[in-house]
J.: 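Have a look at the structure that comes next, please.
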Amino acid sequence: MSLTEQDWLEEKKRVKRVEQEIDSKIAVLQEHVSDKKEETVDVRRNFWDDVTINLDDSSELIETYASIKQQAEVLSEKERSYEHAYNQLNILNKLKQSPYFGRVDFLEEGQSRAESIYLGISSLYDEEEMEFLIYDWRAPVSSLYYDYAPGPARYETPGGTVSGTVELKRQYTIRDGQIVSMFDTGVTIGDELLQEVLGKQADSQMRSIVATIQKEQNQIIRNERSRLLIVQGAAGSGKTSAALQRVAYLLYRYRETLKAEHIVLFSPNMMFNSYVSTVLPELGEENMQQTTFQQFLDHRLGRQFQLGDPFAQLEYEYTAMNEPGYEARMEGIRYKASARFMELIERYLSVLGKEGILFKGLRFRGKTLLSAARIREQFYALDSSLSIPNRMQLLSEWLLGELKEKEKAERNEPWVEDEIELLDNDAYQKAYQKLRKQNRFAGESFDDYDRERELLGSMIVREHFKGLRQRVKKLRFVNVPGIYRQLFADPQYALRFGREADLPKHWEEICAQTVERLDRSELAYEDATPYLYLQERIEGFQTNNLIRHVFMDEAQDYSPFQFAFIQKLFPRSKMTVLGDLNQAIFGHAEAEDHWETLQALYGEEQTERFILTRSYRSTRQIIDFTRGLIPEGHAIEPFNREGSKPTVTQAADESDLNARVAERIRALQNSGLRTIAVICKSARESRQAFAKLDQLLEARLIEKDAASFEPGVLVIPAYLAKGVEFDAVILYNASQEQYGREGERRLFYTACTRAMHELHLYYIGTRSPFLDDVSPDTYVAGD
């Protein structure tokens, strides 16, 4: 339906009215923010002036504590009030630039007149007219815009379902208070708006574009029923964007009880964290906690072991094929990631409940206070019907009691007298004050010198025993590395509680490799989660009950073992997992049953699965090319955005390859593209390519510890490019030598699908056989 001149005049007039209302609120809020800031600074400056301090006796001490606490609460309230006003001012400034992006005219059943509902990133209420000028895109009524074309419609509210008819749907592009474009549409998002958004160049940060949310994405964002939400989506289908907007929706929907610190996002790498870090602040929300699973493992195990990481494992997988022991290591990676290995560890724990737990003796100044054998004897004397963690707590309490007795006996040892002689004046004064206090309350008389020496000896020994007590409280007397090693030390040991048929073919070699690494205090990535699981099942799980929502991006790269472990870590949390089985690049990936394994943890009735098949990232030509690389690629639907076909070019040798790649990069830069990725198979190939290309043009090498990336030319391994998009992608060497094994197909596909506007593949010698599955009509052969 075409818009009339009258429509334009009315809409421009309304934008002006909204802008005036925003200006009015900004003026009031700026003064409010200024006042709140002054109040906060004043309270901070005069904090101690308004506190009554008296430490003479216990009652005065209590009064002093209460005074400090009261003043701290006043300051905290002032800071909260200032922060809230400051955030509101930021949102209003964003609204002024682009107040709204959509309109729905909705005629509710039983009403005679339709209401015009305008959607923006935040609500705007006119107190005088008592009406919403703008509705927050997360409000219940806003789902009409995303879910319905003109016609019958309904939306859910806390009070029930509201039914009616959508009479009009209109979309806007408003910049700096001016309507740039406006059109009516019969679908959720008109091609005009999507074309504008998707045609833009890639940035170093993901953009939040709530105006382009599709119906299927909106269902993901607003889902409140499911405990487990699985989103299987093609490359570029908007999985991550929908997840981040889901976080914003949840924070809005449950704003009275849910805070950003109650949500955690597990992402594939630190660079990805940086890439998505601005999305929630753009929507006026605080960022949730962002981490990687590797960071979690480092936090728990990094001090004890030289810990392997997922990228080192991938580097081994894709570069070490000719090294001895490769087949056994890869089989070990798959087995240790599986539910079967978790079951083996559970059976091992059943044995450990009766025998086999290894302990460390407690030693002090070169002598054994309590031997490992004595500790083991005490542990297995406890009630065997109790769980291992409960028995460990009882054992810890017994050990602390034993240490108390040992500590008393130690006070008469000669070394204590020697240390008393070396004490400084401060220690003597501390002892003297303690003696006075004891004398006053006990009313006893005694020889001051003897009591002083006794008290000093007690203080010295107690300080020396402090480390031992801490070790006992933290269960450091349990030899967890030895217990894990014991599982592999004798390949026949596992047959005591497992069947030979359940063990991998190369079990003996897997055991030898594992023991060799453990003896060097190394823990491979595939061992880290099983090791930590075993430790938690022995010592007691350190669960986090504060987290209410866990988000896992690139979830296809997590193993069944890791899924089960994370579920136990966050027992009260709902989980949203996002992934694409076609991008499962780890050796442990089992695409055919990956989501089923995860679903089994929560149960079918608590799980909901969404499949996103339409890809928005790349041009139609790039998607037509890349979907030919994977067996189920025909199911991927391209968004109709035109571009040039990918190119496939043979280079004569390495020197010719680098010259051609550099020439292509310059041409892409001259055409105005800002982010150009030269994607290599591995970190090793990336370093080699960078060393050559850096002599020909300015580029930056991205390695696994990179925290962010800036626009420019990036040389990057394929596994670090996951989840990120670039204006143009150059696949550095798409040869059979680099991508010849079937296990490398998904890595090849992942690299190609990073491209938004242009994709160019080069190769030396014979090209990858994966290209034989692609129709020649979908690419251009280079000269």
J.: Could you point out which residue of Y145, Y155, Y135 forms a ring pair (Phe, Tyr, Trp, His ring centres under 6.0 Å) with F106?
T.: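 The single option meeting the ring pair (Phe, Tyr, Trp, His ring centres under 6.0 Å) with F106 is Y155.
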
J.: What are the two closest non-hydrogen atoms of L144 and A153, and how far apart are they?
T.: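 In this case the closest contact between L144 and A153 is CD2-CB, 3.8 Å.
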
J.: One pair to check against side chain to side chain contact (heavy atoms under 4.5 Å, CB included): F726 and L714. What are the steps and the verdict?
T.: CA-CA 10 Å; F726 307 93; L714 311 174; 3.8 Å; yes

J.: Is any side-chain N of the basic residue among R17 and E131 closer than 4.0 Å to the acidic one's carboxylate O?
T.: yes

J.: What pair of heavy atoms forms the shortest contact from L668 to A728, and how long is it?
T.: CD1-CB, 3.7 Å

J.: Might you confirm whether atom CZ of R154 has over 12 heavy atoms from other residues, nucleotides or ligands at distances under 6.0 Å?
T.: no

J.: For Y762 and T649, what are the C-alpha separation, side-chain angles and deciding distance, and is it a side chain to side chain contact (heavy atoms under 4.5 Å, CB included)?
T.: CA-CA 5 Å; Y762 292 86; T649 305; 3.6 Å; yes

J.: Where is the tightest heavy-atom contact between R222 and S142, given as atom of each residue plus distance?
T.: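 Minimum heavy-atom contact is NH2-CB, 3.8 Å.
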
J.: If only side-chain N and O atoms count, and only distance matters, is there a donor-acceptor pair under 3.5 Å linking Q556 with E554?
T.: yes

J.: Just wondering, more than 12 heavy atoms not from Q178 lying within 6.0 Å of its CD?
T.: no

J.: Using a 3.5 Å distance criterion without hydrogens, assess whether the side chain of R14 forms a donor-acceptor pair with backbone atoms of L133.
T.: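 Here the side-chain-to-backbone pair exists.
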
J.: So does D23 pair up with K96, basic N to acidic O under 4.0 Å?
T.: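 Salt bridge: yes.
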
J.: Do S618 and T626 touch side chain to side chain, with heavy atoms closer than 4.5 Å?
T.: no

J.: Should M288 and L244 count as side-chain neighbours, where that means a heavy-atom distance under 4.5 Å?
T.: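 A side-chain contact under 4.5 Å exists here.
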
J.: Do M575 and F551 come close enough that some side-chain heavy atom pair is under 4.5 Å?
T.: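 No, too far: nothing below the 4.5 Å cut-off.
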
J.: Give a yes or no on whether a salt bridge exists between R614 and E216, defined as a side-chain N under 4.0 angstrom from a carboxylate O.
T.: no

J.: Check the angle between the aromatic planes of Y146 and W137 and answer parallel, tilted or perpendicular using the 30° and 60° thresholds.
T.: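 Y146 vs W137 ring planes: perpendicular.
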
J.: Give the minimum heavy-atom separation between R641 and H757, together with the two atoms involved.
T.: NH1-ND1, 3.0 Å

J.: What I want to find out is whether K25 reaches E127 closely enough, with some N-O distance under 4.0 Å, to be called a salt bridge.
T.: yes

J.: Could you report the tightest heavy-atom contact between V715 and A699, atom names first, then the distance?
T.: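 The pair with the smallest heavy-atom distance is CG2-CB, 4.4 Å.
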
J.: side-chain hydrogen bond (donor to acceptor under 3.5 Å, both in side chains) between D624 and T778: does it pass, once the steps are laid out?
T.: CA-CA 6 Å; D624 284 343; T778 62; over 6 Å; no

J.: Under the ring-ring contact (aromatic ring centres under 6.0 Å, His included) rule, what do F101 and Y172 come out as? Steps first, then yes or no, please.
T.: CA-CA 5 Å; F101 54 80; Y172 310 83; 9.0 Å; no

J.: Does S24 use its side chain to pair, donor to acceptor, with the backbone of Q20 at less than 3.5 Å?
T.: no

J.: How far does CD of Q669 sit from CG of D727, to the nearest 0.5 angstrom?
T.: 11.0 Å

J.: Judged by atom type as modelled, is there a donor-acceptor pair below 3.5 Å linking the side chain of K239 to the main-chain atoms of D580?
T.: no

J.: First locate atom CG of L124, then atom CZ of F132, and finally report the distance between them rounded to the nearest 0.5 Å.
T.: 9.5 Å

J.: For atom CD of E698, is the number of surrounding heavy atoms from other residues, nucleotides or ligands below 6.0 Å larger than 12?
T.: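 Incorrect, the count does not exceed 12.
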
J.: Drop me the distance from N269's CG to L720's CG, to the nearest 0.5 angstrom.
T.: 5.5 Å

J.: Identify which one of L258, T257, V264, I263 satisfies the side-chain contact (heavy atoms from CB on, under 4.5 Å) criterion when paired with R548.
T.: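 Exactly one candidate clears the test, L258.
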
J.: Hey, is R103 close enough to E11 for a salt bridge, meaning N to O under 4.0 Å?
T.: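 Between E11 and R103 there is a salt bridge, with a charged N closer than 4.0 Å to a carboxylate O.
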
J.: Quick one about Q289 and E261 (side-chain donor to acceptor, distance below 3.5 Å, no hydrogens or angles considered), yes or no?
T.: no

J.: Keeping the roles fixed (side chain from R617, backbone from G238), state whether a donor-acceptor pair exists under 3.5 Å.
T.: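 No: the side chain of R617 does not pair with the backbone of G238.
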
J.: Tell me, which pairs form a ring pair (Phe, Tyr, Trp, His ring centres under 6.0 Å) where one or both residues lie in residues 224-261, sequence neighbours left out?
T.: none

J.: Is the backbone N or O of S644 less than 3.5 Å from a side-chain atom of Q621, with the two atoms forming a donor-acceptor pair by type?
T.: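 No: the side chain of Q621 does not pair with the backbone of S644.
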
J.: Using only atom types and a distance under 3.5 Å, with no angle test, would you say the side chain of Q232 pairs donor to acceptor with the backbone of L581?
T.: yes

J.: Any heavy-atom pair between the side chains of E156 and S143 that's under 4.5 Å?
T.: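 No, too far: nothing below the 4.5 Å cut-off.
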
J.: Are the side chain of K645 and the backbone of D777 linked by a donor-acceptor contact shorter than 3.5 Å?
T.: yes

J.: I'd like to know if the side chain of N223 and the backbone of Q219 have a donor-acceptor N/O pair within less than 3.5 Å.
T.: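 No; zero donor-acceptor contacts below 3.5 Å.
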
J.: Within the side chain of S615, is there an N or O that forms a donor-acceptor pair under 3.5 Å with the backbone of A235?
T.: yes

J.: Do R246 side-chain atoms and I220 backbone N/O form a donor-acceptor pair below 3.5 Å?
T.: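 At least one qualifying donor-acceptor pair exists.
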
J.: For the CD atom of Q217 and the OG atom of S237, what is their distance to the nearest 0.5 Å?
T.: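 Taking CD in Q217 and OG in S237, the distance rounds to 7.5 Å.
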
J.: If you compare all heavy atoms of S123 against all heavy atoms of D136, which two are closest, and at what distance to 0.1 Å?
T.: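 The pair with the smallest heavy-atom distance is OG-N, 3.0 Å.
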
J.: With rounding to the nearest 0.5 Å, note down the distance linking CD1 in I636 to CD1 in I630.
T.: 4.0 Å

J.: Tell me, with the steps shown, if L228 and W595 meet side chain to side chain contact (heavy atoms under 4.5 Å, CB included).
T.: CA-CA 11 Å; L228 171 64; W595 302 140; over 6 Å; no

J.: Answer yes or no: does atom CD of E663 have more than 12 heavy-atom neighbours from other residues, nucleotides or ligands under 6.0 Å?
T.: no

J.: Would you say CD of E224 has more than 12 non-hydrogen atoms from neighbouring residues, nucleotides or ligands within 6.0 angstrom?
T.: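 For E224, atom CD is crowded (more than 12 foreign heavy atoms under 6.0 Å).
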
J.: Can you find a heavy atom in the side chain of V162 that is under 4.5 Å from one in the side chain of E108?
T.: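 In short, these two side chains touch, coming nearer than 4.5 Å.
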
J.: Step by step, would you call D7 with R170 a side chain to side chain contact (heavy atoms under 4.5 Å, CB included)?
T.: CA-CA 11 Å; D7 289 328; R170 184 168 290 170; 4.1 Å; yes

J.: Could you give the distance from CZ (R754) to CD1 (I622), rounded to the nearest 0.5 Å?
T.: 11.5 Å

